[in-house]
Engineer: 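First the structure, which I've put down as structure tokens, then a few questions once you've had a look.
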Amino acid sequence: MKCVLLILAALGLSLAEESSTYDHFRLPTALRPQKYDVRILTQLENPDDFRFNGTVKIQIEVLKNTHNITLHSKDLTINDTEITLRQIGGEGKPENCITSTERNPIHDFYILNTCEELLAGQVYELSLRFSAQLQDQLSGYYRSSYEDSVANETRWISVTQFEPSSARLAFPCFDEPGYKASFAITLGYHQKYTGLSNMPVRETRPHESIPEYVWTAFEESVPMSTYLVAYSVNDFSHKPSTLPNGTLFRTWARPNAIDQCDYAAELGPKVLQYYEQLFGTKFPLPKVDQIAVPDFSAGAMENWGLVTYAEVTLLYSPEYSSQVAKHGTANIVAHELAHQWFGNLVTMEWWTDLWLNEGFATYVAGLCVEDIHPEWRTLQFETMSNLLTIFRTDSLESSHPISRPIEMTSQTSESFDTISYQKGSSVIRMMHLFLGEEAFRTGLKSYLERYAYKNAEQDNLWESLTQAAHKAGSMPTDYDIKTIMDSWTLQTGYPVINVTRNYTARTAKLSQERYLLNTDISRTHKGCWWVPLSYTSQAEKDFNNTAPKEWMECTETGESVPKTIQDLPGPDQWVIFNNQLSAPYKVNYDAQNWKLLIETLNSEEYQSIHVVNRAQLIDDVLYFAWTGEQDYEIALQVISYLQRERELLPWKSAFENLSFLTGILRQTPNYKFYKSFIRKLITPIYEHMHGINDTDASVQQQDKIRLKGMVAQWACSYEVSDCVTRAVSYFRSWRSEANPDEINPVPLAVRDNVYCTSIEHGSVEDWDFLWTRYQKANVATEKQTILDSLACSQKVWVQQRYLERIFDAKGEIRKQDSLSVFQSIASTQAGFPLAKKYLMDNVDSISKFYHPQSESMAELLLPLSELIFTRKDYNEFKNFIADSKEQLKDIDQAINQSLETMLINVQWKEQNYERFTEAIKKLL
Ligand SMILES: *[C@@H]1O[C@H](CO)[C@@H](O)[C@H](O)[C@H]1NC(C)=O
Ligand SMILES: *[C@@H]1O[C@H](CO)[C@@H](O)[C@H](O)[C@H]1NC(C)=O
Ligand SMILES: *[C@@H]1O[C@H](CO)[C@@H](O)[C@H](O)[C@H]1NC(C)=O
Ligand SMILES: *[C@@H]1O[C@H](CO)[C@@H](O)[C@H](O)[C@H]1NC(C)=O
Ligand SMILES: *[C@@H]1O[C@H](CO)[C@@H](O)[C@H](O)[C@H]1NC(C)=O
Ligand SMILES: *[C@@H]1O[C@H](CO)[C@@H](O)[C@H](O)[C@H]1NC(C)=O
Ligand SMILES: *[C@@H]1O[C@H](CO)[C@@H](O)[C@H](O)[C@H]1NC(C)=O
Ligand SMILES: [Zn+2]
């Protein structure tokens, strides 16, 4: 799924004899690896000296004559004198050798110059020995640990994380996704451990010289990319899954967490079965292992046959994890297993098309979870969350296209972002909806069959789908998917469509332009999108039809073709475009149409507008008001209908938008008007959900549970009704338990909110009580909830103490959790100024803390930027960034997005603050 990569350490290892002249970021194309034989010995017994060493033998096919072998290697010690090279089969003399080696630290190249020219058509075997420290840097081959509380000991394990470019930290290889080869892995380790890899064990035998050590050889893999190779040495327990005729499936975790594996073990095989059906292709490997790793930089990683997860995403405890966390587990398992086909079987040629993997896995994971748990009703929620996220990120000028050139490995990590995942998913959903089920499935199946065990680019997928669509008749024959999809994947941003109705002619004129939040920037000539137009009217109300009735088209030069829609209803009826948000665009209407919509929303009839479109109207109108295209009076009239609303999606849409306003307003004198408005808005839904009382029987559905949690959070921070007193009393009764680590009376659905509210209104003793629970907790989701809640304190010194605990390398907060704790602190009122100052004062040591993944620093900037809204603070931040170039390198995208976010806030404060307050006062 998502992972990190390393910045260039530029250590210039001493083996380099001369620096290389070949300075392209991609490997030369003269060679192609066919097969790797990797033997690795891992030593985990001595905590003062964790290390691994090994041998790699690579069979290399020569495509063009060449005098060198260029591959990737980073931070590995290689003894040059032990390298061997010989020709396999063929004519000519088999012995060859290496005259010299070079390193290129910019591109991590290790270049071996050969004695004799390597000849096209021949196959050679290269053998290298290497060794390195087993570090704790969460990438490459690294170590992780957990506490065995019974024995009171720390246990060590090792595991890999290679995507995108860290296989080179574990063994020398052709570390690009296009170089697929088969891998025969052999692991050596102390016999008390278990070894796992992509494939099943072939044989285990004693080590030839080290006592109590064994060699475990795994079967040779199918052809695959280096970034999908995985192995681990650990002392974990496992839970087998049983599904008749299914693939062998096991779930692994540290022994004291094995009882949290039940859900993942039950779910995994079902997910695999779902995809076998969806893709019409059997899972190609004999087994799947999924493993929960205590220290993990991302959510999970889809290594073929050995999927790795952070504990917090894989493990589920019915007593400690919420329903929302359970959905998270389902979703991520579904995402990673989707990759087993989309990504692993067919792989992107280069990282430019990373989005195809990620967008696709994100999208079909939603379908899969909906299929397995229809009672959860999560698909709409997923869809909406993705769209809300990208409507924000992609309305920044500093956003980027889904498909973008990657010319340095260090740029790859910035591609694992909401644009690849959420926008990727949204445009694939759009395509699914306009293609229809049959064309979508047959197109996919033929793509997967055609490129199985190979690499592909987005155009290859478009080709298969276009053929299928024309065959199924679901797309005009003069349209092709490439033209349509290129407008969404190669251009940054998304359009807003202006709908201007002529009520006498019963027509509407449509025009499009890129939607941008930054009002200083002109929107003209910022692109054109092929937009599928679905729409319905007040009389028709056919929101279920998401197939396009018409298209907005673009000329070959990228100009929008104006569009007129005929046969619309008369002046007493509204129209709504983009049924169920079937494509990622915004829609603005003329004043009369908004008026009609507002009337319906604020009446008993509000449910006659589909729930997704209610959420759409809220999101659109609040954006338009923010950018000055709509009056705040109109926008507030739209959202006032929420007093009637009982469904999740419109509230989600409203809360996300309101939180941007809250961030600014709570630092201004007019906050009290806003606060009254919010209270008025949410009191009815709060009462309807019985506040934060535990009403088990009535709340079984995921969406209701989510809504209750969301409403409770807003109600408590705006001190609505009894929210704070109820929360604090739950917490008190927990504190008075004799054994609070065993018995917790706080209802699961509102636990995060109860903890946070109690810390916000509580004493330092409450804080310390919760910190102790963090230390004792054995469930990762509970630990995470506690860590986030501890950030809610209003006491400056408590916040400062907490900040310092984050970056204490020997402290009790794992590095993997540090970013989310910082973000939680930075988003609170008391924490924000402290977090900002802390970052500015300590940027140097923080960057060292994250080294070599200093791109993690990106995550520290965004939460701060959302709360900055004065020119003075903006300038201060800008100067800070300019002064910290060295510490903030390789995160240009995050820097630009942060600066633009601040600027947008500054604009809002200058242009809208007074107007907004006036509009609010009228509604009180
Ligand atoms: C790896 O280290 C072990 C123990 O130190 C040693 O016996 C072995 O020869 C080394 N193997 C390689 C390939 O360097
Ligand atoms: C290695 O060989 C390739 C292909 O023959 C060539 O393009 C490249 O420049 C060579 N690298 C060096 C460092 O000479
Ligand atoms: C490299 O290998 C050779 C031959 O095995 C050995 O003599 C030499 O000491 C090794 N060099 C290093 C730096 O380990
Ligand atoms: C666990 O071990 C540490 C040091 O190894 C020791 O300080 C501590 O008292 C031990 N705790 C228990 C409960 O035995
Ligand atoms: C399992 O496979 C066997 C043989 O392939 C087949 O006869 C049987 O119907 C399958 N059972 C199920 C439950 O699919
Ligand atoms: C609306 O359409 C009518 C009839 O075609 C036309 O006469 C009128 O000018 C149009 N109104 C506007 C504002 O374009
Ligand atoms: C869309 O409407 C807005 C507000 O009325 C206007 O500023 C903008 O220029 C219009 N855009 C197009 C492409 O017609
Ligand atoms: Zn993924």
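As the structure lists them, so they are numbered: ligands from 1, and atoms in each ligand from 1.
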Engineer: Just let me know how T507 lines up against ligand 6, side chain, backbone, both or neither, with a heavy-atom cut-off below 4.0 Å.
Structural biologist: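 For T507, there is no contact with ligand 6 at all, from either part.
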Engineer: Can you spot which of K35, K57, R86 makes a salt bridge (charged side-chain N to carboxylate O under 4.0 Å, His left out) with E125?
Structural biologist: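 Option passing the salt bridge (charged side-chain N to carboxylate O under 4.0 Å, His left out) with E125: R86.
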Engineer: Is there a donor-acceptor pair under 3.5 Å between the side chain of Y585 and the backbone N or O of Q512?
Structural biologist: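 No; zero donor-acceptor contacts below 3.5 Å.
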Engineer: So, regarding T70 and ligand 2 (criterion: nitrogen or oxygen to nitrogen or oxygen, under 3.5 Å), is there a contact or not?
Structural biologist: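 Between T70 and ligand 2, no N or O pair is found under 3.5 Å apart.
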Engineer: Are R168 and F171 in a cation-pi contact, defined as NZ or CZ under 6.0 Å from the six-membered ring centre and within 45° of the axis?
Structural biologist: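 Here R168 fails the 6.0 Å and 45° test against F171.
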Engineer: May I ask you to identify the nearest protein heavy atom to atom 9 (O) of ligand 4, giving residue, atom name and distance to one decimal place in Å?
Structural biologist: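 Answer, as residue, atom name and distance: N152 ND2, 4.6 Å.
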Engineer: Let me know which of N256, T154, N778 forms a side chain to side chain contact (heavy atoms under 4.5 Å, CB included) with Y146.
Structural biologist: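 When side chain to side chain contact (heavy atoms under 4.5 Å, CB included) is applied between Y146 and each of N256, T154, N778, only N256 qualifies.
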Engineer: Looking at atom 5 (O) of ligand 4, is any protein heavy atom nearer than 4.0 Å to it?
Structural biologist: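 No, there is none.
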Engineer: When rounded to the nearest 0.5 angstrom, what is the spacing between CZ in F109 and NZ in K74?
Structural biologist: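 Rounded to the nearest 0.5 Å, the CZ-NZ separation comes out at 13.0 Å.
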Engineer: Report yes if some N/O of T66 lies less than 3.5 Å from some N/O of ligand 2; otherwise report no.
Structural biologist: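 Min N/O separation from ligand 2 is below 3.5 Å for T66.
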Engineer: For ligand 6, which atoms sit closer than 4.0 Å to a heavy atom of A505?
Structural biologist: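 Listed by number with element, the hits are 2 (O), 4 (C), 5 (O).
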Engineer: Return yes when at least one protein heavy atom is under 4.0 Å from atom 2 (O) of ligand 6, and no when none is.
Structural biologist: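 When distances to the protein are checked, atom 2 (O) of ligand 6 has a heavy atom within 4.0 Å.
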Engineer: Considering only protein heavy atoms, determine whether one is less than 4.0 Å from atom 13 (C) of ligand 6.
Structural biologist: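 No, because not a single protein heavy atom sits under 4.0 Å from atom 13 (C) of ligand 6.
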Engineer: By number and element, which atoms of ligand 6 are closer than 4.0 Å to a non-hydrogen atom of N502?
Structural biologist: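 This gives 1 (C), 2 (O), 3 (C), 8 (C), 10 (C), 11 (N), 12 (C), 14 (O) as the contact atoms.
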Engineer: Do other residues, nucleotides or ligands put more than 12 heavy atoms under 6.0 Å from K549 NZ?
Structural biologist: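 Correct, the count exceeds 12.
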